[in-house]
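Note that ligands are numbered from 1 as they come in the structure, with each ligand's atoms numbered from 1 the same way.
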Amino acid sequence: HMLDSVAAAPPDPILGLSEAFQRDERPDKVNLTIGVFRDEQGQTPVLECVKRAERKLLDAETSKGYLGIAGYVPFQSLARDLVLGDLVESERVAAFQTPGGTGALRVAADFLSNNFSGAKVWMTTPTWPNHPAVFGASGLESGGLRYLAADKTRLDVEGYLEDIDRQTSRGDIICLHACCHNPTGVDPSAEQWDQIARLTAERGLLPLIDFAYQGFGEGLDEDRVGLRALSQYHDEYLVCSSYSKNFGLYSERVGALLGVCRDADSAAAVTSSLKQSVRCNYSNPPRHGGAIVGTILEDQELTELWRGELTQMRQRIRQMREQLVEALQSQGCQQDFSFLLNQRGMFSFSGLTPVQADWLRTEKAVYVLGSGRINVAGITPDNLERLSQAIAEVVGQVPVSS
Ligand code: PMP
């Protein structure tokens with residue numbers, strides 16, 4: 001027997017908690033684990049701009065024939081402009097529609113592994129757990145760089161820069177979160193981005209920028225702060241962008257891979273090499289998600305509608321951050337949680353320990369990750385009070401050091 005000898009893979013810790021949440025029969029349970037946006041009712045709705053684009057597509061679509069290897073053509077330039085704006089001339093960019101941000105990362109990783117054997121990918125500690133997994137699947141070695149200060153709520157920029165300076169080698173790759181760092185919510189400031197961009201260029205590193213949350217931090221343009229700094233010092237980098245969160249298109253699998261090159265000739269060669277990576281992965285991307293994003297961004301009215309809906313999502317997350325901090329203060333919580341206001345995007349490192357996370361789950365049916373990561377978008381006006389009571393109680397009862 002061959003299949004019978006296969007050992008089971010370790011369970012995914014996030015999905016495992018979600019399954020436990022589904023099985024939990026307590027009616028007032030609260031799920032802050034999984035990484036999707038939720039509205040005030042706790043739902044993950046289809047955006048109105050998406051519904052309208054889909055109606056248009058249904059009427060206009062005449063064929064389900066294959067897309068090209070690089071995807072839906074209008075999507076390629078629209079995604080490029082959304083992500084890069086006027087930072088680089090368009091002829092310098094190799095642009096691909098990919099199955100989600102994960103698809104972009106995997107194609108990028110295969111491309112890097114094919115072209116730069118021996119290059120190592122450097123990541124923040126912690127990072128999105130799928131980063132090392134995807135790079136490893138492509139045969140790339142990866143390493144970690146210090147990112148957080150000891151209290152896990154702030155950036156240790158000196159430590160980060162020192163590790164970049166001491167550990168990396170010329171020709172290595174550095175994986176950067178453009179904004180809304182997952183899992184911590186801790187982003188560099190504009191000045192810190194400038195330091196990071198300057199040092200990574202000096203060290204001869206190729207930036208691989210994961211842009212999964214454009215518009216979830218401060219705004220579509222504001223969230224390009226890191227890209228802006230990087231493009232001042234680097235004339236080559238890769239961006240893996242996702243439309244799962246900002247268009248709410250999670251299951252449609254739509255993302256983009258943008259290869260910013262020195263000139264048009266280099267972009268043409270990079271495009272041909274990336275096509276090879278796509279061809280042996282999934283051949284060409286699914287049409288529907290890319291066509292939705294393309295239809296919205298091509299149409300001024302739909303784009304306005306989308307921007308409004310995105311602003312609402314961003315503001316709701318911001319409000320929940322503020323209200324959680326206020327509620328914890330008014331519960332007389334022994335710990336100051338105001339650092340949550342400096343973190344951005346859907347996630348935050350709350351500083352809660354694995355023991356406290358366990359207690360919250362077993363005693364209060366409040367589900368947070370063992371790392372202390374919470375999905376702020378899982379907080380609603382209905383569960384806010386229960387949640388803040390539970391956190392205030394656990395912070396008072398279970399010693400932080402345990
Ligand atoms: N990068 C990061 C940091 C993410 O958080 C995510 C989504 N959880 C992705 C990439 C991948 O997004 P997608 O669902 O579009 O593949």
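- Protein heavy atom at the shortest distance from atom 16 (O) of ligand 1 is Thr102 OG1, 2.5 Å.
- A donor atom on one side chain and an acceptor atom on the other are found under 3.5 Å apart for Thr127 and His177.
- Annotation for ligand 1: atoms under 4.0 Å from non-hydrogen atoms of Ala212 are 1 (N), 2 (C), 4 (C), 10 (C).
- The proximity of Asp210 to ligand 1, defined as any non-hydrogen pair under 4.0 Å, is limited to the side chain.
- For the 3.5 Å distance criterion, the side chains of Asp336 and Ser338 qualify, holding a donor opposite an acceptor.
- Using a 4.0 Å cut-off to heavy atoms of Arg253, the atoms of ligand 1 that qualify are 13 (P), 14 (O), 15 (O), 16 (O).
- Within ligand 1, the atoms closer than 4.0 Å to a non-hydrogen atom of Lys245 are 6 (C), 7 (C), 8 (N), numbered from 1 in the order shown.
- Residue contact check: Ser244 has heavy atoms under 4.0 Å from atoms 13 (P), 14 (O), 15 (O) of ligand 1.
- Between the side chains of Asp172 and Trp122, at least one donor N or O sits under 3.5 Å from an acceptor N or O.
- A donor and an acceptor atom, one from each side chain of Ser273 and Asn114, are nowhere located under 3.5 Å apart.
- Nearest to atom 5 (O) of ligand 1 by heavy-atom distance, out of Tyr213, Trp128, Phe211, is Tyr213.
- Qualifying salt bridge (Lys or Arg N to Asp or Glu O under 4.0 Å) partners for Glu218, counting only residues two or more places apart in sequence or in other chains: Arg344.
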Pairs under 3.5 angstrom only: tabulate donor-acceptor contacts from the side chains of residues 2-21 to other protein residues two or more places apart or in another chain.
from: Ser5; atom 1: OG; to: Met2; atom 2: O; distance (Å): 2.6
from: Asp12; atom 1: OD1; to: Ile14; atom 2: N; distance (Å): 2.9
from: Asp12; atom 1: OD1; to: Leu15; atom 2: N; distance (Å): 2.9

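- Below 4.0 Å from some heavy atom of Ser242 lie the following atoms of ligand 1, by number and element: 12 (O), 13 (P), 15 (O).
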